[in-house]
Amino acid sequence: ATTEIYTLSLHDALPILHYDLTLTTIETTDDDRSVYAEALEAGLAETAQTFVDAAKDVQKSVSNETVLVVVTYFDAAGVELASQSFSSAD
């Protein structure tokens, strides 16, 4: 199961859409955290265009030059496993 939290915030007038995803059934250890991180990063790379498109959609509604989408995965204990940002400029 995954818990998803979406927020749109402004940092120095730059809109940033945050997707914080918590894998509620996985609690990682120091030994296996890198395995999960690699798999999540590979998945983010495969779906990058989806997040770039989301940034472009938000950009249209806020009239800014650039919008960032930040996707972060956490395990059930709140440990960050992977994070990547995507820009409407891509």
Side-chain angles (χ1 to χ4, degrees):
T2 303
T3 301
E4 302 175 12
I5 298 173
Y6 309 96
T7 57
L8 178 62
S9 59
L10 292 173
H11 295 281
D12 298 325
L14 177 67
I16 301 176
L17 181 60
H18 293 269
Y19 289 87
D20 292 338
L21 307 159
T22 301
L23 306 173
T24 58
T25 57
I26 298 172
E27 196 164 320
T28 60
T29 65
D30 289 341
D31 293 334
D32 64 6
R33 195 164 293 129
S34 64
V35 173
Y36 285 103
E38 286 178 25
L40 291 167
E41 288 168 0
L44 285 169
E46 289 177 15
T47 59
Q49 190 59 50
T50 301
F51 296 111
V52 170
D53 291 345
K56 289 179 180 180
D57 287 344
V58 171
Q59 178 187 22
K60 291 175 192 171
S61 54
V62 296
S63 301
N64 280 57
E65 290 182 22
T66 304
V67 173
L68 292 180
V69 172
V70 178
V71 181
T72 306
Y73 284 94
F74 300 92
D75 72 1
V79 175
E80 184 177 312
L81 300 174
S83 186
Q84 188 167 349
S85 61
F86 305 90
S87 171
S88 61
D90 290 342

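Numbers here simply count residues along the sequence, with the first being 1.
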Legend entry - Donor-acceptor contact present, side-chain Ser88 to main-chain Val67, <3.5 Å: yes

Inset, instruction - Fit a plane to each ring of Phe51 and Phe86, take the angle between them on a 0 to 90° scale, and name the class: parallel (under 30°), tilted (30 to 60°) or perpendicular (over 60°). - result: parallel

Inset, instruction - Mind listing the closest non-hydrogen atom pair of Glu41 and Gln84 along with its distance? - result: O-OE1, 4.5 Å

Legend entry - Member of Leu81, Thr25, Thr24 meeting the side chain to side chain contact (heavy atoms under 4.5 Å, CB included) criterion with Asp75: Leu81

Inset, instruction - Specify the closest pair of heavy atoms between Asp31 and Ser34, including all atoms of both residues, with the distance to one decimal. - result: O-OG, 4.4 Å

Inset, instruction - Following the transitive rule for hydrophobic clusters with a side-chain heavy-atom cut-off under 4.5 Å over Ile, Leu, Val, Met, Phe, Trp and Tyr, establish whether Leu21 and Val52 coincide in one cluster. - result: yes

Inset, instruction - Calculate, to the nearest 0.5 Å, the distance between atoms CZ and CD belonging to Arg33 and Glu27 respectively. - result: 9.0 Å

Inset, instruction - Find the distance between OG (Ser83) and NE2 (His18) and round it off to the nearest 0.5 Å. - result: 9.0 Å

Legend entry - Verify same cluster id: Ile26, Leu40 (apolar side-chain graph, 4.5 Å): yes

Inset, instruction - Enter the distance from Tyr73:OH to Thr22:OG1 here, rounded to the nearest 0.5 Å. - result: 11.0 Å

Inset, instruction - Taking all heavy atoms of Ser87 and all of Ala55, pick out the closest pair and write down the distance. - result: C-CB, 4.0 Å

Legend entry - Within one Ile-Leu-Val-Met-Phe-Trp-Tyr cluster: Phe74 and Leu17, side-chain cutoff 4.5 Å: no

Legend entry - Partners passing side chain to side chain contact (heavy atoms under 4.5 Å, CB included) against Ser85 (at least two apart in sequence or in another chain): Val70

Inset, instruction - Report the distance from atom CD of Gln59 to atom CG of Asp53, rounding to the nearest 0.5 Å. - result: 11.5 Å

Inset, instruction - Indicate the atoms forming the closest heavy-atom contact of Asp32 with Thr29, along with that distance. - result: OD1-N, 2.7 Å

